[in-house]
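Residue numbers begin at 1 in each chain, while the letters A, B, ... track the order of the sequences.
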2 protein chains.
Amino acid sequence: MNKSKNKNVQKQDLSKNQQIIFDLIKKSNEPLKAYSILSNVQKKGIKAPLQVYRALDKLVEIGKIHKIESKNAFMACQNSGCQIAKATAFSICENCEKVSEIKNSKLFEYLKGFDDKSGMKYKKYNLEFFGVCNECTAK
Amino acid sequence: MNKSKNKNVQKQDLSKNQQIIFDLIKKSNEPLKAYSILSNVQKKGIKAPLQVYRALDKLVEIGKIHKIESKNAFMACQNSGCQIAKATAFSICENCEKVSEIKNSKLFEYLKGFDDKSGMKYKKYNLEFFGVCNECTAK
DNA sequence: AACGTTATGTAATAATATAACATTAATTAG
DNA sequence: CTAATTAATGTTATATTATTACATAACGTT
């Protein structure tokens, strides 16, 4: 019974490795690096770097996680439904290393509509702001 | 004589290795990777990765070059006087891999003034746009 | 000249990421 | 349903990117 389980579910199912790795990243309050992920999932049977990188690639592709390029690290998407995987913005504290995904629809709209004179059609962007966060400034 | 040489020169002198590596990057019409730089300057006596990375670090720090984070590659600053090393924006063609530095004062002003509710003080940003360039679209 | 700072040289190794190949599971077309 | 196709997995080896550690030399100041 219950054959209809998941029938009309929009949310794309993740494969076993993808789910394990996504769960780990989601639980984390900081961006995780690939080899740190690896050492955390070895007890679950994921043994090789490539298994991690393949899952990461897929998760990035479907927008469940983002890569913080300046840190070679990955964090779960914080935006509703992960709809804006192709338009990412982060704030990074240079002191405590905290990274947050920026949710700002004006910024999003501005950059989405950005058009220079090159004639290039932009499909995607990634923006990383660096500074000192509130907590660190207070100290 | 000529003791006054460089006395009032604003332009900071580069060291030998820095100059060699900057010259190479400047001549290039595409971003260069560290080990590609290394193999290109070995004839000039730079033998080890660390020599390259040290020069690159310094050149990035003083704004003569920028790192394209998504490509782990370096290109010379295209903006006048390299004054905006802390505010960088690039357009990257996903087809031909061409990278250009974006010079757009409105974008620059917009991002410079960007302030979300986090209270974080931004000192620096890096923005990378991805798409398909004119030439590639035409094909 | 002595000092602090910046740059260099060299070897070793750490950290990040992919290639190549074999196999298995899931999806879909006939 | 079964063949065909696509997506995911497993495994080994290796490529690529970057840093640690330590020793020496050059430069700029006082």
Check this one for me: any side-chain N or O of Lys33(B) less than 4.0 Å away from OP1 or OP2 of dT16(D)? no

Determine whether the side chains of Glu128(B) and Ser70(B) contain a donor N or O and an acceptor N or O closer than 3.5 Å. yes

How long is the line joining CD1 of Ile37(A) and P of dT16(C), in whole Å? 11 Å

Using heavy atoms to find the nearest nucleotide of DNA chain C for Pro49(B) and Lys16(B) separately, return the residue whose nucleotide is more 5′. Lys16(B)

Check the distance between dT6(C)'s C1' and Asn17(B)'s CG and give it to me in whole angstrom. 12 Å

Does the side chain of Asn17(A) come under 3.5 Å of the side chain of Ser15(A) through a donor N or O and an acceptor N or O? no

Whole-Å distance between dA7(D) P and Leu14(A) CG? 15 Å

Please work out whether the ring planes of Tyr122(B) and Phe114(B) are parallel, tilted or perpendicular, with thresholds of 30° and 60°. parallel

What is the distance from CD of Gln51(B) to C1' of dG9(C), rounded to the nearest Å? 6 Å

Distance, rounded to the nearest Å, where Ile21(A) contributes CD1 and dG10(D) contributes P: 10 Å

Is there a side-chain contact between Ser15(A) and the phosphate of dA25(C), meaning an N or O under 4.0 Å from OP1 or OP2? no

Ranking dA18(D), dT20(D), dA8(D) by distance to the side chain of Leu50(B), first place goes to dT20(D)

Once you round it to whole Å, what is the distance between P of dA25(C) and NZ of Lys58(A)? 19 Å

When the ring planes of Tyr110(A) and Tyr110(B) are compared, do they come out parallel, tilted or perpendicular, using 30° and 60° as the limits? parallel

Nearest-nucleotide wise, let me know which of Lys71(B) and Lys47(A) is further upstream toward the 5' end of DNA chain D. Lys47(A)

Please tell me if Asn72(A) has a side-chain N or O lying less than 4.0 Å from either OP1 or OP2 of dA15(C). no

Report yes or no: does Lys33(A) contribute a side-chain atom to a donor-acceptor pair with the main-chain N or O of Lys71(A) at less than 3.5 Å? yes

Atom CZ of Phe74(A) to atom C1' of dA17(C): distance rounded to whole Å? 10 Å

Decide side chain to side chain donor-acceptor pair (under 3.5 Å) for Asn79(A) and Glu101(A); before the verdict, give the C-alpha distance in whole Å, the side-chain angles of both, and the deciding distance to 0.1 Å. CA-CA 8 Å; Asn79(A) 282 311; Glu101(A) 191 167 351; 2.8 Å; yes

Just how far, in rounded Å, is C1' of dT17(D) from CG of Leu38(B)? 12 Å

Any donor-acceptor pair under 3.5 Å linking the side-chain atoms of Tyr35(B) with those of Asn40(B)? no

Side-chain-base donor-acceptor pair under 3.5 Å for Tyr35(A) and dA14(C): no

Which angle, to the nearest 10 degrees, lies between the helix axes at the two ends of the helix from dA1(C)-dT30(D) to dG30(C)-dC1(D), each defined by five pairs? 50°

